[in-house]
There are 2 protein chains.
Amino acid sequence: MSTAPSAERPLRADARRNRERVLAVAAQMFAEQGHEVGVAEIARGAGVGSATLFRHFPTKEALIAAVVEQRLGEVEALLASAQEIEDPGEAFRTLMLDVVRAQVQDRALVEALIDLVHASSPRIEEHIERVTEGVGAILGRAQEAGLVRDDVVAGDIMALASGIASAHCPDLQRPDLVERYLGIVLDGLGPQGASPLHPGPATFDDLAAARLRCGS
Amino acid sequence: MSTAPSAERPLRADARRNRERVLAVAAQMFAEQGHEVGVAEIARGAGVGSATLFRHFPTKEALIAAVVEQRLGEVEALLASAQEIEDPGEAFRTLMLDVVRAQVQDRALVEALIDLVHASSPRIEEHIERVTEGVGAILGRAQEAGLVRDDVVAGDIMALASGIASAHCPDLQRPDLVERYLGIVLDGLGPQGASPLHPGPATFDDLAAARLRCGS
DNA sequence: ACCTGAACACCGTTCAAGT
DNA sequence: ACCTGAACACCGTTCAAGT
């Protein structure tokens, strides 16, 4: 449950409570209104001064990262329960729908995953790695069963899921339309009418190069 | 070429020149860096005071809208040349690749099209309508030729194109990966392995309702 | 009729002072 | 050890004054 770094002496009771309230309020406000909500408004909603917020999260971006981290934990839980579905095709469809829905319900998550390569903390990268692994496992099962084409990788699935999630105007149109677009993409992932793909999938080298390009 | 409303007496020569330089500089900076570039920086780049910028474009959002309008004109031109391709399948693929690439090359365009339902001016809506018409024509030809499934509409194509464009991290990763994702979606749009889609496509009523919900 | 730099309001961040 | 409201810097927008 704890989102704080592991080896730190525990916070004083009031500090811990404040930290958690800020995180909860921020998560809700970011989900509803996106990143543009003011930091002062979040502090007010949590009943603390703005400086307190900045004591716990040194920058607005760090606060966003903490919220994203929490959500990624939830996504991992979705993946775990999708893995328990026996039918490989059903597991794969459930996975995609869950991941897409998580992003549609939370504008902040989509925005954050787009910026991910810049802003990413080591802890967020770990989450992403675990998510990629989980996606890969479910994808692999579906491929072995001949239900999904063999020339796609976990990274493709995640990119497509985020694409579908941003293919609709999140706060205004019918959010259920994403299921329609997902249906089309799922058909494209099937082995039936699959045509060769150019170029090949993204590699770890691509990510490393990108990270290098932004410093840090 | 003129992006100003039709029935206005012409601007003084220097004013016209200033307006155009601001628009050109803004277009380039938005395309390269997204909407977060400062208005002061744009004004400086165009060699005018910031108040002059605001005389021509009453708000930053209006400036963005003017740039978007220009880009949409370019997209219409792309559509027109795609329409001239005889082979219906080739025309359709070209259309999708062009629309996706236009959005990948211009971060501002993606951002703007996402916000479109709120910010839209009547003139931008006209552009969108023309684009939708053009897409519908090319799509219709491909469907008649049996190359694209019958249960999709122009709105689906545009949503998917914007989704693919935001499926990759625009400034960091390999922009050519969008072609890979587009390949998957195009396979999903083929008639071969098409499974029924839920829910049905977006209607004009949905758009009207969304617009109503934000006032204006 | 149009231009400009200085002034204003707002928001992320920091600081001096409190308990 | 942690909290706070006031102060600071930055950016979108407006205004008083220039030509």
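The chains referred to below are lettered A, B, ... by the order of the sequence lines, with proteins before strands, and numbering in each begins at 1.
Rounded to whole angstrom, the span from the CD atom of A:E41 across to the P atom of C:dG12 amounts to 10 Å. Here the C1' atom of nucleotide C:dC11 and the CG atom of A:L53 are 13 Å apart, to the nearest Å. One can place CD1 of A:I42 at 11 Å from P of C:dT13, the figure rounded to the nearest angstrom. One atom, CD1 of A:I64, and another, P of C:dG12, lie 10 Å apart when rounded to the nearest Å. When the P atom of C:dT4 is taken as reference, atom CZ of B:R44 falls 14 Å away, rounded to whole Å. Rounded to an integer number of Å, the gap from CG of A:N18 to P of D:dC3 is 5 Å. The NE2 atom of B:H56 sits 18 Å away from the P atom of D:dG12 (whole-angstrom rounding). The distance from atom CZ of B:F57 to atom P of D:dT14 is 15 Å, rounded to the nearest whole Å.
Of the inter-residue distances, the one linking B:Q143 atom CD with B:L189 atom CG reads 9.5 Å to the nearest 0.5 angstrom.
Within the structure, a side-chain polar atom (N or O) of A:T59 is placed less than 4.0 Å from OP1 or OP2 of C:dT13. OP1 or OP2 of C:dG5 has not a single side-chain nitrogen or oxygen of B:S50 nearer than 4.0 Å.
Pair check for C:dA16 finds D:dT4; Watson-Crick or G-U wobble, both atom distances under 3.5 Å. Across all strands shown, D:dA9 forms no Watson-Crick or G-U wobble pair with both distances under 3.5 Å.
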Worksheet entry | Verdict with reasoning, B:Y181 to A:V185, per side chain to side chain contact (heavy atoms under 4.5 Å, CB included) | CA-CA 9 Å; B:Y181 306 139; A:V185 171; over 6 Å; no
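Among the nucleotides D:dC3, C:dT4, D:dT13, the one closest to the side chain of B:V39 is D:dT13. Looking at the side chain of B:F54, the nearest of the listed nucleotides D:dA6, D:dT14, D:dC2 is D:dT14. Closest approach to the A:A51 side chain among D:dG5, C:dC2, D:dT13 is made by D:dG5 (side chain taken as heavy atoms from C-beta onward). Nearest nucleotide to the side chain of B:K60, out of D:dC3, D:dG12, C:dC3: D:dG12.
Salt bridge absent: A:R17 and A:E20 never bring a charged side-chain N and a carboxylate O closer than 4.0 Å.
In the model, A:E179 has no side-chain atom that pairs as donor or acceptor with a side-chain atom of B:H198 under 3.5 Å.
When side chains are defined from C-beta on, B:I164 does not count as touching B:V104, because their heavy atoms never get closer than 4.5 Å.
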